[in-house]
Structure formats: C-alpha cells, structure tokens
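One structure below.
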Amino acid sequence: MALNFSPMAFKSQKLPSHTLPPTATLRSPKFCMVSTIPSGSKDVGNLKKPFAPPREVPAQITHSMPSHKVEIFKSLEGWAENNLLTHLKPVEKCWQPADFLPDPNSDGFYDQVNELRERAKEIPDDYFVVLVGDMITEEAISTYQTMLNTLDGTRDETGASLTPWAIWTRAWTAEENRHGDLLNKYLYLSGRVDMRQIEKTIQYLIGSGMDPHTENSPYRGFIYTSFQERATFISHGNTGRLAKEYGDVNLAQICGSIASDEKRHETAYTKIVEKLFEIDPNETVCALADMMKKKITMPAEFIYDGRDYNLFDHYSAVAQRIGVYTAKDYVDIVEYFVNRWKVEELTGLSAEGRKAQDYMCGLPSRIRKLEERAQERAKEAPSMAFSWIFDREVKL
C-alpha cells in the first residue's frame, strides 16, 4: 500500500492542520496511554528496553463505536461475500514478482541483470528516493493487516476465520505482499541503493506500527483504506509514468501492475463505504468528517532509518517535487470521494450529521486555497542527504 495518504506536501510545506483534539468525541471512548520514554532512556530499576519505537504515540482512542453497531457488520457478511470477495483474483491468475525480474534459472540471467542495471543508471537519485519510500511502505504490509484486525465486527478472530471480512483481509494482504517483494528485488538488483539502510528502515517501520486514528471502528477503518488505496494507485501510477519517461519500460510495467492492483482494491473498499452510507448515513458521514479533521495519515509516517527523525517529511517533499504524490493529489482524492459517496445528497441526518455533511462539502475548496497559498509562499528548497542512496544529496 503506499501507500501513503496524509497530504505529503501539507507536512513538508507546513500547511495549517485541520486536526481536532481526539477528545472531541461524544461517545466516551476508551483511551490507551502509551509511554513517551525516549528510546535511549533507562526504565525503572535500571533495566533497558530491548526495543522501543523511535516515535511513540502518547494517547490513542480505542473502541469508540457503540457496541450495537457491531451487528451491522455481522448482518453485512452475506453482502461482503457477494460484493467484496469478487474483487480478489485467484492466485493462479495473479502476476508474481518473478514475472518481471531476471530469471535465475536462465543462461542469460547475468546479461538480464546487467541490462536492468544499465537502465537503472539513467534514472535520477530523486526518483529512487521516492521509489524506495514507496517500497518500504509496501513492505510494512504486516502492520496494515494488524490494523484491519483491530476493527470491531470485521476482525479475523482466529487467524483462519471463514467470515467474508476475515477472508478478505488475509487475501488482500497476500495480494499486497507481492508489491513490496517485487520492488525490493528490483531495487536490490539495480545497484543504485543501500539495501542495508533500506532493510533497517523497514524493520524500524514495522516495529513502530501506525496510528491511523480509526479507533477500532470499521466505519473509520474502511474510509481510511479507501483513501489509502486511491493514493497508492496515484503514486505507483506516477512512478510508472516517470520510469517510462526515463526509458525503463520494464520498471514502468512493474509500477503499472502494482497500480492496477491498488485500483482494484480501492474499488472494493469504496464499495464498503458506499454500502455504509446507504444503510447508516449518519454514522458514516460523522466518521468521514472526523477522519478528515484529524487528517488521513500516511501509514509510513513513522518511517525512520536510524538517523533522520524527519525522514517522512523529507521523502514526502521529494515525492511532491517530482510529481509522484502531491498536495493537489490529496485534495483531488477528498473531492473524488465526496462526489462518489454523494455526501451532498444525504438526507435524514441528525444535527451532528448535517454539520459533518456541511464540513465535508466545503472541505475540498478550503484545502485548495491553503495549498495555493503554500505554493505562493514556497521558498527555494534545500538539499538533503538520504542514507538509502549512500548519503547522496537530493533537493527537497
């Protein structure tokens, strides 16, 4: 998944936040307090932690969805079987990473690797910074499966549950797992990147987890995944477009195939939210507005390579500059879903629901104005050394 969809450029360009305090909920959710002890600190009794995430979340809201709402998702299992699982491909019909990479059993394997490396030489460093960031995001797929399995009413209760929700989560994860595998192997063969630094970054990211603000609510969770899949579809599509411009048709096919998967997954998650708007519009529009006020955060926002605590901002700034994923893309996604889910046409809402509806209908234009002002104020960007490319500098 890339991906990726807190408005990357918003962070790098310092756009004002729309975030509301998590405590502004009316449902008296549970709070989970998380330690903020720095990684290098000592615990009580002089005992050292074997591992501490480089970035820790100080407070998280859990189980904010009223318990009776769980029954809605139980009742939708038949619908999910007929409308969600159809967006999965049979394994035998799926592409696999080996389809795009040099064949180690071939007599021409070394020639194929050399050809791949020659094509990679023509691609600039800033592209590789973004491709590495996208790959690392994809490699943390275990974190995203964990996130889906926190959602009340749809989680995989046993690890091998046969509910349609659980089957979807496992099979979706299996399809997504190919993305990181493919990009990882390509980057390894390219010779353009420091694989040890990249592998450390992946380990740090998976160990740090993610904080999507979903509060164990499938309303929020499926809104999040809808945005995320559309953002990664855009991001991988743009890396494919740039690869073709740089003359690497094989890499363009790699990125395009991943983007195609993301588009299919986006369609599935979008359908879930569409169904929720149909049967429970008030709860759904309130969840949508709440998620947008907090901002949709990138799953890789905790990315860290052992050196740069602002690595996410730096990687995002490069992605913005070269046109892989931009602030404009983010607001386009917001506008797309407001229209796709027909938020403006909702009726029968509570006062809270109407307020959420008004907020969402006016949000795209407000974000566009902020983005335009940020572009006007933008200054000459500095350069930054990235450990992923052997500390070569790239303009942010």
Side-chain angles (χ1 to χ4, degrees), residues 1-7 17-34 53 55-67 69-70 72-73 76 80 84 137 140-157 165-166 168-169 172-173 176 205-206 208-232 265-266 268-277 280 282-302 330 333-334 337 341 356 360:
M1 288 169 72
L3 82 135
N4 304 196
F5 60 81
S6 172
S17 170
H18 297 290
T19 305
L20 289 187
T23 51
T25 177
L26 302 178
R27 297 199 177 99
S28 300
K30 299 175 184 177
F31 284 83
C32 175
M33 300 305 295
V34 181
R55 179 176 171 183
E56 300 178 349
V57 184
Q60 302 170 65
I61 302 174
T62 61
H63 304 288
S64 64
M65 185 177 73
S67 58
K69 295 288 186 181
V70 170
I72 290 177
F73 294 91
L76 284 174
L84 184 59
T137 304
I141 185 63
S142 58
T143 298
Y144 317 141
Q145 183 178 22
T146 298
M147 186 277 284
L148 287 175
N149 281 330
T150 68
L151 302 180
D152 296 331
T154 59
R155 68 171 60 89
D156 185 344
E157 296 285 358
W165 300 115
W168 166 265
T169 295
W172 168 82
T173 301
E176 290 276 341
L205 180 58
I206 295 174
S208 296
M210 65 185 292
D211 182 28
H213 309 299
T214 51
E215 304 175 11
N216 305 98
S217 165
Y219 290 90
R220 289 171 170 79
F222 293 135
I223 288 168
Y224 181 91
T225 51
S226 297
F227 273 77
Q228 179 63 34
E229 295 288 11
R230 187 163 183 83
T232 50
H265 296 160
E266 175 209 324
Y269 285 119
T270 301
K271 276 189 175 181
I272 299 174
V273 180
E274 202 167 56
K275 185 65 174 177
L276 293 175
F277 269 113
D280 194 1
N282 201 75
E283 181 75 19
T284 308
V285 74
C286 287
L288 176 61
D290 184 59
M291 289 295 290
M292 296 311 304
K293 288 173 182 177
K294 295 172 180 175
K295 292 193 303 187
I296 299 290
T297 57
M298 296 285 288
E301 66 171 331
F302 295 165
Y330 180 82
I333 292 172
V334 175
F337 282 121
W341 292 327
M360 286 307 307

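These values consider heavy atoms only, across backbone and side chains, with no hydrogens, waters or symmetry-generated copies. Here the structure is a predicted model, which is why all the values come from computation and not from measurement. Numbering starts at 1 and runs along the sequence shown.
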Looking at [atom1] of [X] and [atom2] of [Y], how far apart are the two atoms once the value is rounded to the nearest 0.5 Å?
X    : Y    : atom1 : atom2 : answer
M291 : S217 : CE    : OG    : 9.0 Å
N216 : S64  : CG    : OG    : 7.5 Å
E274 : S226 : CD    : OG    : 9.5 Å
T297 : D211 : OG1   : CG    : 6.0 Å

Centroid-centroid distance, F227 to F222, less than 6.0 Å: no
For [X] versus [Y], what's the shortest heavy-atom pair and its separation?
X    : Y    : result
T137 : A300 : OG1-CB, 3.4 Å
K69  : D280 : NZ-OD2, 2.8 Å
G221 : T214 : CA-CG2, 3.6 Å
H213 : K295 : CD2-O, 4.1 Å
G153 : V70  : CA-CG1, 3.8 Å
P212 : M147 : CG-CG, 3.7 Å

Side-chain heavy atoms of [X] within contact of [Y], under 4.5 Å:
X    : Y    : result
M210 : E301 : no
T270 : E229 : no
D156 : W165 : no
E215 : T62  : no
F302 : P53  : no
T169 : N149 : yes
S208 : E56  : no
D152 : H63  : yes

Y219/I72 under side-chain contact (heavy atoms from CB on, under 4.5 Å): CA gap, chis, key distance, verdict: CA-CA 11 Å; Y219 290 90; I72 290 177; 3.3 Å; yes
Among T146, L151, T150, side-chain contact (heavy atoms from CB on, under 4.5 Å) partner for L148: L151
W341 and V285: CA distance, side-chain angles, deciding distance, side-chain contact (heavy atoms from CB on, under 4.5 Å) verdict: CA-CA 10 Å; W341 292 327; V285 74; over 6 Å; no
Pairing residues for K275 by the salt bridge (charged side-chain N to carboxylate O under 4.0 Å, His left out) criterion, not counting sequence neighbours: E278
Exam field: side chain T284 to backbone L276, donor-acceptor pair closer than 3.5 Å: yes
Option passing ring-ring contact (aromatic ring centres under 6.0 Å, His included) with Y269 (candidates W168, Y144, Y224): W168
Plane angle bin for W172 and H265 - parallel if under 30°, tilted between 30 and 60°, otherwise perpendicular: perpendicular
